[in-house]
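Here's the structure we're looking at; comments come further down.
Counting from 1, the numbers follow the sequence of the chain as shown.
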Amino acid sequence: MGSVCSEIPDLPEVVEGVVCQSNLVVEGQMKEVEMDGYKILLLREKGELRALSAFCTHYGAPLIKGAYDGGGKIRCPWHGACFNSETGDIEDFPGLDSLACHKVEERNGQVVVMADKRELVSGRRLQMPVDVLEDSEDRVVVVGGGAAGHTAVETLRQEGYGGAITLVTKEQHLPYDRPKLSKNLGVKPEQICLRKAGWYEKAKIEVVKGTEVVRVDKDDKMVFFDNGDSIKYSKLLLATGGEPRKLGVPGEDLGGVTTLRNITQANMIQKESVKKHVVIIGTSFIGMEVAAALVDTAASVTVIGKDPVPFLGSLGEEVGRFMLDMHRKKGVQFCLEEDVKEFQGSNGALENVILKSDRTLKADLAVVGVGVVPATGAFRDIPGIDADKRGYIPVDSRMATSVSSIFAAGDIVSFPLLTYGGERVTIGHWGLAMYLGRVAALNIMGKEREAHTVPFFWTVQFGASLRYAGLGSGWDSVIFQQEEGKLLAMYCKGDTVCAVATMGRDPVAATFANLVKAGGVVRKEEALEWAGNI
């Protein structure tokens with residue numbers, strides 16, 4: 001479908017065509033058809049026909065393979081983006097654009113679609129310009145150019161906010177698709193930008209790059225920057241995301257020891273790893289994805305983890321063992337139930353990684369991927385923010401802090417997850433951060449909206465995609481099935497399935513997310529039968 005930066009071509013305005021017989025579109029089911037060489041998704045909902053773009057606007061997944069709940073929601077099978085089946089609106093993320101929604105009617109037993117050719121080609125709804133007030137005293141300042149920050153400024157304009165918008169980011173680049181870094185380390189900024197520079201200019205969004213906030217004055221509503229500048233806000237959104245956790249061991253400042261958080265680091269890792277000995281510390285998502293990305297070009301890749309298997313805390317022993325076997329078959333080496341004692345080198349360059357067992361690993365490059373901490377240092381002194389002891393900012397279901405006119409969203413917040421009884425959570429998922437950014441923006445505009453979502457995340461390793469939906473914290477048992485290249489894990493708390501992980505079992509994860517969002521429950525004793533019927 002092309003990247004999220006693609007331009008919509010200037011093509012003739014309207015096309016019309018017969019796409020199928022009416023009786024082939026069944027109530028509560030999706031049907032994929034074609035017009036002028038482009039796919040369209042048809043469905044009949046409460047007797048009414050709908051015609052939408054056929055591919056997810058995130059990475060182009062075919063929605064026909066996704067989950068349709070029969071009453072308003074279509075969810076992408078790959079990464080969990082959710083669209084309104086009546087309007088095409090994107091309601092849950094990742095992705096940015098809504099689906100094009102074409103006119104459709106029945107004539108003489110045939111389904112006829114009428115579409116704007118530009119929307120038919122792009123698979124996305126055209127964005128309508130918003131009138132922006134010149135020299136407006138009303139200004140929303142968004143701190144952070146990641147998933148939550150960008151989605152917030154885009155939502156503000158899409159929803160008709162006409163005041164000034166300033167997006168402040170410490171990155172030297174426009175907001176980009178960060179999850180791609182650990183999967184394609186050599187990627188260039190222009191390949192993964194969320195929107196091109198011209199989009200921000202047309203939307204009249206001021207982007208301040210290479211700048212960090214050092215202080216916020218909540219009384220005068222001022223934000224102060226590290227370069228000495230300052231700006232006044234009417235409403236403020238904090239969305240600074242995470243920063244890599246340090247190991248705190250000797251030698252961590254040697255050249256060749258790095259974390260992975262930005263494009264510069266990703267490109268450096270790609271360049272410096274070729275035919276070199278690479279050691280990766282951490283057996284969760286960043287570490288395992290980097291290992292998969294480098295093993296074919298590095299001289300060796302060794303992953304160090306403190307647990308007996310990767311992903312033990314998040315996905316459990318069974319899935320961890322499955323992923324461990326996959327990596328070992330591809331040549332990745334592991335040192336498990338180990339920790340780093342120190343990094344050693346000479347002339348400022350890394351040469352060895354010393355483990356606490358005193359084992360020595362030769363290393364030209366070490367990538368530390370042991371999680372992140374919230375980047376909230378500049379905000380913890382704001383009276384009333386009340387960050388918790390880990391640095392997370394508590395917000396309500398509208399992303400409002402306890403300080404008037406200040407909102408927060410994304411990886412830095414703890415918030416009540418309404419689909420799981422209001423349990424307060426801190427979750428660092430890209431798609432969820434986008435969703436929370438949208439919720440914050442709507443509430444900044446006074447459009448009362450609570451966060452009502454189901455966590456959904458994914459990882460891609462060696463071309464295989466693992467998907468996860470739900471909230472598995474506190475699970476006490478796992479129902480696990482596997483066959484060659486496929487797995488299904490259902491995490492249970494008591495007699496209820498609270499989360500699922502799948503590989504090669506689409507659209508089980510997407511269907512589970514739809515079910516939970518609608519208030520449904522999968523019982524443990526019925527779990528395998530439920531999944532088998534999808």
Open item on the list: If we ignore hydrogens and angles and just use 3.5 Å, is the side chain of Asn443 paired with the main-chain N or O of Arg449 as donor and acceptor?
Closed with: yes

Open item on the list: Can you see whether Tyr59 has Lys180 sitting over its ring - NZ or CZ less than 6.0 Å from the centre and within 45° of the normal?
Closed with: yes

TODO: Check the surroundings of atom CG in Asn108: do more than 12 heavy atoms from other residues, nucleotides or ligands lie under 6.0 Å from it?
DONE: no

- [ ] Report yes or no: does Tyr420 contribute a side-chain atom to a donor-acceptor pair with the main-chain N or O of Val454 at less than 3.5 Å?
- [x] no

Task: Spacing of CZ belonging to Arg118 relative to CD belonging to Glu13, to within rounding of 0.5 Å - done: 5.5 Å

Open item on the list: Surrounding CD of Glu206 (heavy atoms of other residues, nucleotides or ligands, distance under 6.0 Å), is the total greater than 12?
Closed with: yes

Open item on the list: Closer than 3.5 angstrom, by distance alone: can the side chain of Thr419 be matched with the main-chain N or O of Thr453 as a donor-acceptor pair?
Closed with: yes

Task: Aromatic plane relationship, His79 with Trp458 - under 30° parallel, 30 to 60° tilted, over 60° perpendicular - done: tilted

- [ ] Could you check Ile90 against Asp97 for side chain to side chain contact (heavy atoms under 4.5 Å, CB included), going step by step and ending with a plain yes or no?
- [x] CA-CA 7 Å; Ile90 185 167; Asp97 295 299; over 6 Å; no

TODO: Check whether any side-chain N or O of Ser53 sits under 3.5 Å from a backbone N or O of Leu99 as a donor-acceptor pair, and report yes or no.
DONE: no

Task: Side chain to side chain, Phe311 and Leu324, heavy atoms closer than 4.5 Å - done: no

Open item on the list: Quick check against the 3.5 Å criterion: does Arg467 have a side-chain atom that pairs as donor or acceptor with the backbone of Ala509?
Closed with: no

Open item on the list: Any side-chain to backbone donor/acceptor pair from Asp476 onto Gly494? Under 3.5 Å, distance only.
Closed with: yes

Task: Pro94 side chain near Trp430 side chain, heavy-atom distance below 4.5 Å - done: yes

Open item on the list: Strictly below 4.0 Å, N to O, side chains only: are Glu105 and Lys103 in salt-bridge contact?
Closed with: no

Task: Near-ring test Phe462/His327, centroid separation under 6.0 angstrom - done: yes

TODO: Measure the shortest side-chain to side-chain distance between Thr511 and Trp530 over non-hydrogen atoms and say whether it is less than 4.5 angstrom.
DONE: yes

Open item on the list: If you define the side chain from C-beta out and look only at heavy atoms, does anything of Met326 sit under 4.5 Å from Phe322?
Closed with: yes

Task: Test item: Ser414 and Thr426 side chains (from C-beta on) under 4.5 Å apart, heavy atoms - done: yes

TODO: Enter the distance from Ile64:CD1 to Lys31:NZ here, rounded to the nearest 0.5 Å.
DONE: 8.0 Å

Task: Non-hydrogen atoms of Val15 and Lys117 that approach each other most closely - done: CG1-CD, 3.9 Å

Open item on the list: As a test of understanding, state which of Ile165, Thr166, Leu237 forms a side-chain contact (heavy atoms from CB on, under 4.5 Å) with Val153.
Closed with: Ile165

Open item on the list: With heavy-atom distances below 4.5 Å as the criterion, would you say the side chains of Met323 and Val309 are in contact?
Closed with: no

- [ ] Taking the side chain as every heavy atom from C-beta outward, state whether Val111 and Val104 have any pair of such atoms under 4.5 Å apart.
- [x] yes

- [ ] Give a yes or no answer on whether the side chain of Gln158 reaches the backbone of Gln127 with a donor-acceptor pair at less than 3.5 Å.
- [x] no

Task: Proximity of Tyr200 and His150 rings by center, below 6.0 Å - done: yes

Task: Shortest non-hydrogen contact between Val112 and Glu16, atoms and distance - done: CG1-CG, 3.6 Å

Open item on the list: Less than 4.5 Å apart, side chain to side chain, heavy atoms only: is that true for Met114 and His102?
Closed with: no

- [ ] Using a strict 4.0 Å threshold on nitrogen-to-oxygen distance, state whether Lys517 and Glu91 make a salt bridge.
- [x] no

Open item on the list: Any side-chain to backbone donor/acceptor pair from Lys39 onto Pro62? Under 3.5 Å, distance only.
Closed with: no

Task: Side chains of Thr57 and Arg124, donor plus acceptor under 3.5 Å - done: no

Task: Test item: Arg50 side-chain N/O and Leu41 main-chain N/O as donor-acceptor pair under 3.5 Å - done: no

Open item on the list: Can you tell me how far apart OG (Ser182) and CD (Gln461) are? Round to the nearest 0.5 Å.
Closed with: 8.5 Å

Under 3.5 Å, side-chain donor or acceptor atoms of residues 393-406 against the rest of the protein: list the pairs with distances, not counting sequence neighbours.
from, atom 1, to, atom 2, distance (Å)
Asp396, OD1, Arg398, N, 2.8
Asp396, OD1, Met399, N, 3.2
Asp396, OD1, Ala400, N, 3.0
Asp396, OD2, Arg398, NH2, 3.3
Ser397, OG, Glu450, OE2, 2.8
Thr401, OG1, Val403, N, 3.1
Thr401, OG1, Val403, O, 3.3
Thr401, OG1, Ile406, O, 2.8
Ser402, OG, Gly384, O, 2.2
Ser405, OG, Lys221, NZ, 3.1

Task: Separation of Leu471 CG from Leu417 CG (nearest 0.5 Å) - done: 6.0 Å

Task: Contact summary for Lys73 and Ser85, nearest pair of heavy atoms - done: N-OG, 3.8 Å

Task: Tyr468 and Tyr491 aromatic ring geometry - parallel, tilted or perpendicular at 30°/60° bounds - done: tilted

TODO: Return the minimal non-hydrogen interatomic distance between Ile263 and Val187, and the atom names on each side.
DONE: CG2-O, 4.1 Å

Open item on the list: Would you say Ser473 and Glu423 are linked by a side-chain donor-acceptor pair, where the criterion is simply a distance under 3.5 Å?
Closed with: yes

Task: Neighbour count >12 (heavy atoms, 6.0 Å) for atom CD, Glu525 - done: yes

Open item on the list: Testing the basics here: between Gly145 and Leu167, what is the closest heavy-atom pair and its distance to 0.1 Å?
Closed with: CA-CD1, 4.3 Å

Task: Smallest separation among heavy atoms of Ala67 and Pro507, with atom names - done: N-CB, 4.3 Å

Open item on the list: Let's go through Lys46 and Glu86 carefully: what are the C-alpha distance in whole Å and the side-chain angles of both, what is the deciding distance for salt bridge (Lys or Arg N to Asp or Glu O under 4.0 Å) to 0.1 Å, and is it a yes or a no?
Closed with: CA-CA 11 Å; Lys46 297 179 181 178; Glu86 180 177 358; over 6 Å; no

- [ ] Determine, step by step, whether Leu63 and Tyr68 satisfy the side chain to side chain contact (heavy atoms under 4.5 Å, CB included) criterion, reporting the C-alpha distance in whole Å, the side-chain angles of both residues, the deciding distance to 0.1 Å, and the verdict.
- [x] CA-CA 9 Å; Leu63 293 175; Tyr68 171 47; over 6 Å; no

Task: Pair Glu106 + Arg44: basic N to acidic O under 4.0 Å - done: yes

Task: Arg157 side chain to Tyr161 backbone, donor-acceptor under 3.5 Å - done: yes

Open item on the list: Salt bridge check, Asp89 against Arg125: does any charged N sit closer than 4.0 Å to a carboxylate O?
Closed with: yes

